[in-house]
Amino acid sequence: MTDTATPLPAMALDPPQSSPVHPQTGSLPTSPTTGYAVELYFDPALENQVLKSWNVLARRQLSTHLIDISARPHLTLLSFPASSSSLDPLRLLSPLRSLAARLDPVPISLSSISSFPDTGTGAGTGTLFFAPVPTAPLLGLHAQLCELIKKEGVEPPEGYRADAWVPGCAVAMEVPKTRLAEAFCVLRDMKLPVSGYGMDIGLVEFPPVREIFSFPLGGGSDA
């Protein structure tokens with residue numbers, strides 16, 4: 001690549017310093033416009049590779065959306081849109097903690113570039129993502145997550161069921177269709193594949209992105 005990437009500031013890498021749980025009700029404050037997502041975070045080296053692509057796309061004025069909402073490079077394992085207002089995110093605490101305790105870090109190889117049209121953000125834009133190799137450990141992690149949340153009475157959202165999930169690491173959102181080809185060319189300079197590990201699993205609310213809790217894979221016994 002001819003561009004030299006610089007680290008992005010304040011990518012929300014640290015967990016929140018205080019609990020968002022209400023001290024009397026034991027629940028999280030919710031909003032009609034709040035969505036929730038379960039995300040698989042990368043090791044620092046792989047995370048930095050993805051951040052380079054975000055930086056380059058931002059300098060080319062192709063996409064800054066992920067930076068603007070304070071996102072962190074990840075694979076989305078589950079996504080509950082704002083319309084899922086009945087979801088109590090604390091019901092995901094035990095499944096995520098249990099899953100993290102029973103699994104080791106998962107090998108990740110981001111091997112190709114793909115895209116899909118955006119919905120709900122106006123016509124004429126698209127999202128680009130790095131697609132990982134769908135290995136047995138990665139698909140197994142997702143399948144176990146789906147089973148664990150079902151035991152808590154939470155159904156995986158449409159498109160995130162074990163038989164429908166397409167893993168992807170978003171690198172550009174709300175890209176005008178007239179500039180998608182240019183964005184593809186920029187991302188090809190990343191010289192995929194780039195490899196590393198999925199190290200942590202966390203729950204965030206959006207938008208903007210704010211981590212509620214996260215657990216390291218292999219981080220200890222199931223509590």
Side-chain angles (χ1 to χ4, degrees), residues 12 15-16 19-21 25-30 34-43 46-47 50 71-112 114 116 119 127 129-170 195-206 209-223:
S19 171
V21 178
T25 65
S27 63
L28 290 164
T30 60
T34 297
Y36 298 95
V38 178
E39 300 181 343
L40 180 65
Y41 300 131
F42 307 140
D43 66 87
L46 182 55
E47 182 170 281
V50 177
R72 177 180 175 184
H74 64 276
L75 298 181
T76 302
L77 300 175
L78 299 169
S79 182
F80 300 88
S83 58
S84 302
S85 56
S86 61
L87 175 70
D88 179 359
L90 284 182
R91 295 174 72 180
L92 301 177
L93 176 64
S94 178
L96 265 63
R97 181 169 52 199
S98 176
L99 183 67
R102 68 172 65 173
L103 294 178
D104 291 326
V106 178
I108 301 290
S109 178
L110 303 177
S111 61
S112 61
S114 191
F116 57 83
T119 58
T127 289
F129 62 93
F130 291 151
V133 176
T135 62
L138 178 59
L139 296 179
L141 179 152
H142 179 261
Q144 289 185 62
L145 173 62
C146 290
E147 289 303 313
L148 286 169
I149 68 169
K150 286 180 181 179
K151 292 179 180 178
E152 297 293 327
V154 179
E155 285 296 320
E158 185 176 356
Y160 290 89
R161 298 186 304 270
D163 60 354
W165 181 56
V166 177
C169 171
S195 301
Y197 288 87
M199 300 294 293
D200 303 87
I201 187 170
L203 178 71
V204 301
E205 66 176 17
F206 65 90
V209 175
R210 184 178 70 88
E211 184 179 294
I212 299 175
F213 51 75
S214 66
F215 302 100
L217 298 186
S221 61
D222 187 3

*So do the side chains of Ile212 and Tyr36 get within less than 4.5 Å of each other, counting heavy atoms only?*
yes
_Using 30° and 60° as the class boundaries, would you call the ring planes of His142 and Trp165 parallel, tilted or perpendicular?_
parallel
_Just to verify, which of Leu92, Leu103, Leu99, Leu40 counts as forming a side chain to side chain contact (heavy atoms under 4.5 Å, CB included) with Leu145?_
Leu99
*Considering non-hydrogen atoms only, spot the tightest contact between Val50 and Cys169 and give its length.*
CG1-SG, 3.8 Å
_Please determine whether side-chain contact (heavy atoms from CB on, under 4.5 Å) holds for the pair Thr76 and Tyr160, giving the CA-CA distance in whole Å, both sets of side-chain angles, and the decisive distance to 0.1 Å._
CA-CA 9 Å; Thr76 302; Tyr160 290 89; 3.8 Å; yes
*How many angstroms lie between atom NZ of Lys151 and atom OG of Ser98, to the nearest 0.5 angstrom?*
8.0 Å
*Once you round to the nearest 0.5 Å, how far does CG of Asp163 lie from CG of Leu139?*
11.5 Å
*Side chains of Glu211 and Asp200: does their closest heavy-atom pair fall under 4.5 Å?*
no
_Working for side-chain contact (heavy atoms from CB on, under 4.5 Å), residues Asp43 and Ile108_ = CA-CA 10 Å; Asp43 66 87; Ile108 301 290; over 6 Å; no
*What distance do Ile201 atom CD1 and Ser214 atom OG have between them, rounded to the nearest 0.5 Å?*
10.0 Å
_Val209 side chain reached by Arg72 side chain, heavy atoms, under 4.5 Å_ = no
_Closest non-hydrogen atom pair, Pro156 against Leu78_ = CB-CD2, 4.3 Å
*asked:* For a quick test of reading the model, state the closest non-hydrogen atom pair linking Phe80 to Phe206 and the distance between them.
replied: O-CZ, 4.0 Å
_CG on Leu141 to OG1 on Thr135, rounded to 0.5 Å_ = 9.5 Å
*Which atom names give the shortest non-hydrogen contact between Ala100 and Pro216, and what distance separates them?*
CB-O, 3.5 Å
*Measure the OG-CZ distance between Ser114 and Phe130 for me, rounded to the nearest 0.5 Å.*
11.5 Å
*Trace of the side-chain contact (heavy atoms from CB on, under 4.5 Å) decision for Val38 with Ile149*: CA-CA 11 Å; Val38 178; Ile149 68 169; over 6 Å; no
*For Pro167 against Pro132, the heavy-atom pair lying closest together*: O-CD, 3.4 Å
*Quick one: OG on Ser109 to OH on Tyr197, what's the gap to the nearest 0.5 Å?*
11.0 Å
*Heavy atoms, side chains only, cut-off 4.5 Å: are Leu93 and Phe215 in contact?*
yes
*Closest non-hydrogen atom pair between Pro107 and Pro105, with its separation*: CD-O, 3.8 Å
_Applying side-chain contact (heavy atoms from CB on, under 4.5 Å) to Met199 and Tyr41, what does each step give before you reach the verdict?_
CA-CA 6 Å; Met199 300 294 293; Tyr41 300 131; 5.9 Å; no
